[in-house]
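In what follows, a single structure is set out as structure tokens and then discussed.
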Amino acid sequence: MTSIGGVEMVDWNLAVATATRFVRPGPEVSRDEARAIVAELRRHAKSSEEHVRAFTRMAQPEGEPGAEPGQQGHDTPVLVVDRAGWIKANVAGFRAVLKPLLQKMEERRSSVPGGAVLGAVGGKVTGVELGMLLSFLASRVLGQYETFAPASRDLPAAARGGRLLLVAPNIVHVERELEVDPHDFRMWVCLHEETHRTQFTAVPWLRDHIEGEIQSFLGETEIDPGTLLERLREAAQSLTGGRPEGEEGDEGGRSFVDLVQTPAQREILARLTAVMSLLEGHADYVMDGVGPAVVPSVAEIREKFQKRRASGAGRLDQALRKLLGLDAKLRQYRDGERFVRAVVDEVGMDGFNRVWTSPNTLPTKQEIAKPADWVARVHR
């Protein structure tokens, strides 16, 4: 618990309560339909594992937790959750990842007269602001591999963290909105998320590398609690329509990450952007590569989903996406997929898989845009 005088910097319970209260209701399904959807998603998650590993030629090293002698596998659980379950999981993840930053902010606050009193108010307000942001995101995420997930009674995780979440209401909502075959769409989503699980279970150093970069990013943060609270408030006000959206000359067009980073963090952020582009682009490449064999309508799904992904859902939605940096995530999918495709075309899948050798073989942000430069450096 990050607190001073018994008061937490962020009221995490209030964040969960706020997000759960304001999240949109999911699509209407009967109890029997819900059971069938959950069962099908679990089956697809299981079967997609074999497809992804065969296509990528990636496997968990023997001796790793979950790998039987002579076999490849993993023990990361697959959890089919509703929107409230996704919210609880992500609050737990935020709490774990942000702990060093909040400790740093706590030390700064403890030196300010009346800091404990301000913290009591600030923790509540920040909890509400964070909850509002999560209520927005909870209706949009289809699936998520949680790399740094702490285990809980309701949401187990693997021994070293990690679990795969499939958000059933959102998957059903999108498949209905796109008017695509629901069984094909569910498998398509599972292929993407299973690729992420394969990336982290087959590459033992990847989790620690990303965690180190994130902690270095947070360690460089020189933001005071008041400023952080103001940034959260700006995002929440955009959600509720309480401030102008993207007016020229204001900060509405800047992402939340842009607003809090220091010059030293930009170098770290460039490396994180490159690796996240790689991971997202690789997952998109794999889901489309495996797709034709197991998802008959993959071409239709991809075309409709790309249009939906690019368009957003109105002016307010686009403004908040920009503020939260979600537009940058969309570019990661696109740029990363182009990088993977270009490298595989040039040196084959085995040649591409040299990217997983060590942190030194990961592409830089510049190489994501110029795949030939990565090929020249790694395959020289």
Side-chain angles (χ1 to χ4, degrees), residues 16-52 73-93 131 134-146 149 151-158 162-198 283 287 290-305 307-309 313:
V16 171
T18 301
T20 303
R21 177 182 178 186
F22 285 98
V23 71
R24 297 175 182 176
E28 292 187 7
V29 294
S30 68
R31 188 179 297 273
D32 289 340
E33 285 179 308
R35 290 196 187 101
I37 291 166
V38 170
E40 182 176 21
L41 286 172
R42 287 175 175 159
R43 288 196 305 271
H44 284 336
K46 180 64 177 176
S47 62
S48 64
E49 177 182 347
E50 179 180 352
H51 295 306
V52 168
H74 49 63
D75 62 348
T76 53
V78 177
L79 305 174
V80 182
V81 299
D82 58 11
R83 291 171 177 175
W86 182 88
I87 288 167
K88 293 175 183 178
N90 277 266
V91 167
L134 288 172
S135 71
F136 171 82
L137 296 172
S139 62
R140 285 156 173 78
V141 177
L142 301 181
Q144 174 182 343
Y145 181 75
E146 288 197 292
S152 67
R153 182 178 59 184
D154 300 325
L155 297 170
R163 60 191 172 207
L164 182 60
L165 304 182
L166 297 170
V167 190
N170 297 349
I171 293 173
V172 173
H173 172 78
V174 174
E175 69 191 28
R176 290 179 178 178
E177 181 182 280
L178 298 182
E179 297 182 334
V180 295
D181 183 282
H183 309 293
D184 283 2
F185 185 76
R186 293 165 196 172
M187 172 58 97
W188 192 69
V189 171
C190 288
L191 288 171
H192 182 100
E193 301 308 331
E194 175 57 37
T195 302
H196 286 316
R197 183 163 64 154
T198 296
M287 71 195 297
V290 175
V294 296
V295 182
S297 59
V298 63
E300 177 192 2
I301 291 173
R302 165 58 72 188
E303 180 181 2
K304 290 183 175 181
F305 191 77
K307 290 180 180 178
R308 181 185 187 275
R309 181 186 272 176

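The figures that follow rest on heavy atoms only: side chains count, while hydrogens, waters and symmetry mates do not.
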Taking every heavy atom of E175 against every heavy atom of R186, the minimum-distance pair comes out as OE2-NH2, 2.7 Å
Measuring from atom CG of L79 to atom CG of L166, what distance do you get when rounded to the nearest 0.5 angstrom? 8.5 Å
Passing option when V78 is tested against R197, K46, R163 for side chain to side chain contact (heavy atoms under 4.5 Å, CB included): R197
Minimal heavy-atom distance between H192 and A283, with the atoms involved, is CE1-CB, 3.4 Å
When every non-hydrogen atom of P77 is compared with those of G162, the smallest separation belongs to CD-O, 3.6 Å
Would you say R83's side chain and R24's backbone share a donor-acceptor pair under 3.5 angstrom? yes
Could you report the tightest heavy-atom contact between F185 and I171, atom names first, then the distance? CE2-O, 3.7 Å
When you check the side-chain N and O atoms of S297 and D184, is any donor under 3.5 Å from an acceptor? yes
Aromatic rings F305 and W188: how do their planes relate, parallel, tilted or perpendicular, breaks at 30° and 60°? perpendicular
List the steps, then state whether side chain to side chain contact (heavy atoms under 4.5 Å, CB included) holds for L191 with V294. CA-CA 10 Å; L191 288 171; V294 296; 4.0 Å; yes
Under 3.5 Å, side chain of S48 to main-chain N/O of A45, donor-acceptor pair present? yes
Heavy-atom count around R21 CZ within 6.0 Å, excluding the residue itself: above 12? no
If you compare all heavy atoms of E146 against all heavy atoms of A89, which two are closest, and at what distance to 0.1 Å? OE2-O, 3.3 Å
Side chain of N90, backbone of G93: donor and acceptor closer than 3.5 Å? no
